[in-house]
Number of protein chains: 4
Amino acid sequence: MAPLNEEQLHQIRDERRDQIIVAAIKVFARRGIIGTKMSMIAAEAGISHGLLYHYFTSKEELFTMLVEDAMVGAEEAMSSIYDLPGSPIEKIRALTMEILDESGTPYFMLIHHARTSEGVPEKVKELIDQNDMDAFIERLLPLFRDGQQAGEIVDGNPEELISSYLSVLSGLMVVNAQGIGGYRLPEVDMLLRLIARP
Amino acid sequence: MAPLNEEQLHQIRDERRDQIIVAAIKVFARRGIIGTKMSMIAAEAGISHGLLYHYFTSKEELFTMLVEDAMVGAEEAMSSIYDLPGSPIEKIRALTMEILDESGTPYFMLIHHARTSEGVPEKVKELIDQNDMDAFIERLLPLFRDGQQAGEIVDGNPEELISSYLSVLSGLMVVNAQGIGGYRLPEVDMLLRLIARP
Amino acid sequence: MAPLNEEQLHQIRDERRDQIIVAAIKVFARRGIIGTKMSMIAAEAGISHGLLYHYFTSKEELFTMLVEDAMVGAEEAMSSIYDLPGSPIEKIRALTMEILDESGTPYFMLIHHARTSEGVPEKVKELIDQNDMDAFIERLLPLFRDGQQAGEIVDGNPEELISSYLSVLSGLMVVNAQGIGGYRLPEVDMLLRLIARP
Amino acid sequence: MAPLNEEQLHQIRDERRDQIIVAAIKVFARRGIIGTKMSMIAAEAGISHGLLYHYFTSKEELFTMLVEDAMVGAEEAMSSIYDLPGSPIEKIRALTMEILDESGTPYFMLIHHARTSEGVPEKVKELIDQNDMDAFIERLLPLFRDGQQAGEIVDGNPEELISSYLSVLSGLMVVNAQGIGGYRLPEVDMLLRLIARP
DNA sequence: GATGAATGAGTGTTCATTCAT
DNA sequence: AATGAATGAACACTCATTCAT
């Protein structure tokens, strides 16, 4: 009796959801939560604003979901480097390149906006504050320790090294995110000097 | 019945203007142009929101003026290091500390917001894009060249070095500006490794 | 391949229509025309909201039709008491119980909402206003006259007696309709004191 | 320095508040909380809708406040009859007339809507459910007991008598509230027969 | 100069209704 | 006939800006 079978329906829904998500990441990343109008997302996704609300209950919910996804994605990226071949410093080089790679930027922008904007549910901010940097440090600690023992990485408190290094990367992503120009993304080799032993 | 003479009135005007400017920098820097409500600035300045409009025609005008001032101020800071004693790298160290110093942050945040926000007249954005980084490079070029010749600074295209270095500093200011935590400001010595010869 | 013959289709149509009508009465009676969403009716009827529009052109049309039906039904109930045995006051007692009986309430609520809501076409309101009470008075007039002559009913203008009595009953239905509590449905004997000679 | 002194300001505020309250009661009473648009209240009060929000945070808050006020007012009306001269039944007659008087109707409509509508904060519904009828019964109990002892009021559980009687009055107000006609407000003497000993 | 009441354009969200399948 | 994705008009609420005092 059903005019569209279960599967077709499911497919449409998934397509639309993805359309919306892609559009939303793009707009949110550029403009933040306050600067983003639902109508912008709808326009970017090529649908009516009403349809957004078939898929997401509210702007807040949509943003929150994206941030959570972004955090999972960031952590996965962080973890994945252990599977890579090479010495610690080479792994860090690979990670650095992946982070600064254009495709990853929107996720970091999302997290940045989540941290600094107003309209974000307190719940999300706490989630980010607690999770974020500490979780990343946790992940990278073994790698940096190895690097220090191997003499590839400068001495000093490894937690501080990691958080400093990640802060630099985050900052670069934020200022570079909008292609609006002016800033320059340093070469990876330059960035590695922050932590690499000469 | 004439309660205030010309001069006193003038003085009040200037005082009020300054109050507003200080308050506006503070709020704009933290929240950006969209996230800032005129009422917030008024509250921060301790005046009524109506009075704002005696001094500035609009939110946009106020923001624009602050950005322009900030750019002048940043350039002055840049220039002033030539008056400092010490080797090139020591001057850069001093500049770095000044930039990252809390008091300077709002100006950079303003410029950052001007670059990335919507409500800003295109005219201002262009002004910033073209002026900003190039002007800074111009200023610092002699210093970096000296450093390279003295063997204190790594080889390579000095313009790229400068813009990379300033991009890192800008990024750090942006992610650190809100005291919201998570990020860590690296030590100056660590940052200097980006450009200093070992 | 012709899976259903004319008659079966017709039967389905009628069944669906009835499902919708029953559901709509229930929801409209409780929540009024504004408070009722088409999706509520669809859910109550166990069908999709899209299907509603195969059977009724609009919410307004559906509501209007129900009200008209309700008025016919109410008038029939009014008339039927003449077939009952017993003295006038006993007939009125029976009518009172039937009206206040839970099953009859939705119809009166519908009429009440039709009278007081906005979305209802003015045409329907007028219909109700003119028809409603006067038609009922017409129907009951012989009964009340008989009762007065038999000394069972208090003296006075019978039209006024009837409309007052019916107003009391209507009011009680309205305030009791939602089981939300607080109000109490008086005993029939108490209500009859409004018109019965002691 | 202040352009309008404290007192003038206060007066304006009070005037506006009252304007709004009067307008809101009128519109809410007629159309309920869902059927009432803020723009209707603004129009009725002769102000812009924006100004409503200088005085009340939200539609819900406005409605809630009115209901609370109405309940206080209703209780005061209830209590005041003890100050009246006359026998119990005469006091009840006076109360009945006051309740049914046109000026009191909006308050009861408000309470009615609060009880039956959807958009009402659960908090208010509970407040009403618990308070409302029981509080009224409490107030009137001594009076009805006196009346029964004096032989003016019929025998039977006085709480039930009171709640039945008040339910009848409430119902009449609801069906009569909109001047839309059809219904008839019974004479006080007729209503008193519900409880008065012949 | 100073205040805050007042306005209205703009944004998030809901829901009746349409339509491809 | 039946479904649910899709649209857009309507409404609550916010906030930059104006203006009487």
Side-chain angles (χ1 to χ4, degrees), chain A residues 1-6 8-9 12-13 15-16 34 36-42 46-60 62 119, chain B residues 3-4 8-10 12-13 15-16 34 36-42 47-60 62 119, chain C residues 3-4 8-10 12-13 15-16 34 36-42 47-60 62 119, chain D residues 1-6 8-9 12-13 15-16 34 36-42 46-60 62 119:
Chain A
M1 281 274 188
L4 281 179
N5 66 43
E6 194 77 0
Q8 287 171 311
L9 237 32
I12 290 183
R13 280 195 77 81
E15 258 174 43
R16 285 284 169 278
I34 316 183
T36 295
K37 319 292 162 207
M38 287 301 258
S39 58
M40 292 173 180
I41 297 177
I47 60 173
S48 75
H49 69 273
L51 191 55
L52 279 181
Y53 291 89
H54 274 255
Y55 292 90
F56 298 93
T57 338
S58 68
K59 183 172 160 179
E60 191 176 281
L62 176 54
Chain B
L4 291 178
Q8 286 171 311
L9 275 176
H10 203 74
I12 289 184
R13 266 200 84 81
E15 265 174 37
R16 283 278 176 273
I34 315 183
T36 296
K37 312 186 194 324
M38 287 301 258
S39 59
M40 291 173 178
I41 297 175
I47 61 171
S48 75
H49 65 270
L51 191 52
L52 282 180
Y53 290 87
H54 274 258
Y55 294 91
F56 299 92
T57 336
S58 70
K59 182 172 159 178
E60 192 176 283
L62 174 54
Chain C
L4 290 178
Q8 284 171 311
L9 276 175
H10 203 74
I12 290 185
R13 266 198 85 79
E15 263 174 37
R16 284 277 176 275
I34 315 183
T36 296
K37 312 185 193 328
M38 288 300 259
S39 58
M40 291 173 180
I41 297 176
I47 60 171
S48 76
H49 65 270
L51 190 52
L52 282 181
Y53 290 88
H54 274 258
Y55 292 91
F56 299 93
T57 338
S58 71
K59 182 171 158 177
E60 193 177 279
L62 174 54
Chain D
M1 280 273 189
L4 281 181
N5 65 44
E6 194 78 0
Q8 287 170 310
L9 238 32
I12 290 182
R13 281 196 75 82
E15 258 173 44
R16 285 284 170 280
I34 316 182
T36 296
K37 319 291 164 208
M38 287 301 257
S39 59
M40 292 174 182
I41 297 176
I47 60 173
S48 74
H49 71 270
L51 191 54
L52 279 181
Y53 292 89
H54 275 255
Y55 292 89
F56 298 93
T57 338
S58 68
K59 183 172 158 179
E60 190 177 282
L62 176 54

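So that the names make sense, note that chain A is the first sequence line, chain B the second, and so on, each numbered from 1. As a basis for the values below, the full set of heavy atoms in this structure was taken, side chains included, without hydrogen atoms, waters or symmetry mates.
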**Request:** Identify the heavy atoms of A/Arg16 and A/Leu51 that sit nearest to each other, and give their distance.
**Result:** CD-CD2, 4.0 Å
**Prompt:** Closest heavy-atom contact between C/Tyr55 and C/Ile12?
**Reply:** OH-O, 4.4 Å
**Request:** Would you kindly check whether a donor in the side chain of D/His49 faces an acceptor in the base of E/dA6, or vice versa, at under 3.5 angstrom?
**Result:** no
**Complete:** Checking F/dA12, E/dT3, E/dA6 against the side chain of B/His54 (C-beta onward), the nearest is E/dT3
Let me know the distance between [atom1] of [X] and [atom2] of [N], rounded to the nearest Å.
X       : N      : atom1 : atom2 : result
A/Lys59 : E/dG12 : NZ    : P     : 4 Å
A/Ile12 : F/dT3  : CD1   : P     : 16 Å
D/Ile47 : E/dG4  : CD1   : P     : 19 Å
B/Lys37 : F/dC15 : NZ    : P     : 4 Å
A/Glu15 : F/dA6  : CD    : C1'   : 14 Å
C/Met40 : E/dT17 : CE    : C1'   : 17 Å
B/Ile34 : E/dG10 : CD1   : P     : 15 Å
A/Glu60 : E/dT13 : CD    : C1'   : 13 Å

**Request:** Assign each of D/Arg13 and C/Met38 to its nearest nucleotide of DNA chain E by heavy atoms, then name whichever residue's nucleotide is nearer the 5' end.
**Result:** D/Arg13
**D/Gly46 or B/Leu51, whichever maps to the more 5' nucleotide of DNA chain E** = B/Leu51
**Prompt:** Given that both distances must come in under 3.5 Å, which nucleotide forms a Watson-Crick or G-U wobble pair with F/dA9?
**Reply:** E/dT14
**Fill in**
Mate of F/dT21 across any strand shown (Watson-Crick or G-U wobble, both atom pairs under 3.5 Å) is E/dA2
**Item:** D/Ile34 CD1 to D/Lys59 NZ distance, which is reported to the nearest 0.5 Å
**Value:** 7.5 Å
**Asked** From C/Met38 CE over to C/His49 NE2, what is the distance, rounded to the nearest 0.5 angstrom?
**Response** 9.5 Å
With a cut-off of less than 4.0 Å, is there a side-chain N or O of [X] near OP1 or OP2 of [N]?
X       : N      : result
B/Arg16 : E/dA2  : yes
A/Tyr53 : E/dT13 : yes
D/Tyr55 : E/dA6  : yes

**Request:** Would you kindly compare A/Ser48 and D/Ser58 by the position of their nearest DNA chain F nucleotide and give the one closer to the 5′ end?
**Result:** A/Ser48
**Request:** Would you please test D/Ile41 and D/Leu62 for side chain to side chain contact (heavy atoms under 4.5 Å, CB included) and show each step?
**Result:** CA-CA 11 Å; D/Ile41 297 176; D/Leu62 176 54; 4.0 Å; yes
**Asked** Contact class for A/Leu52 vs. all strands (heavy atom < 4.0 Å): base, sugar-phosphate, or nothing?
**Response** nothing
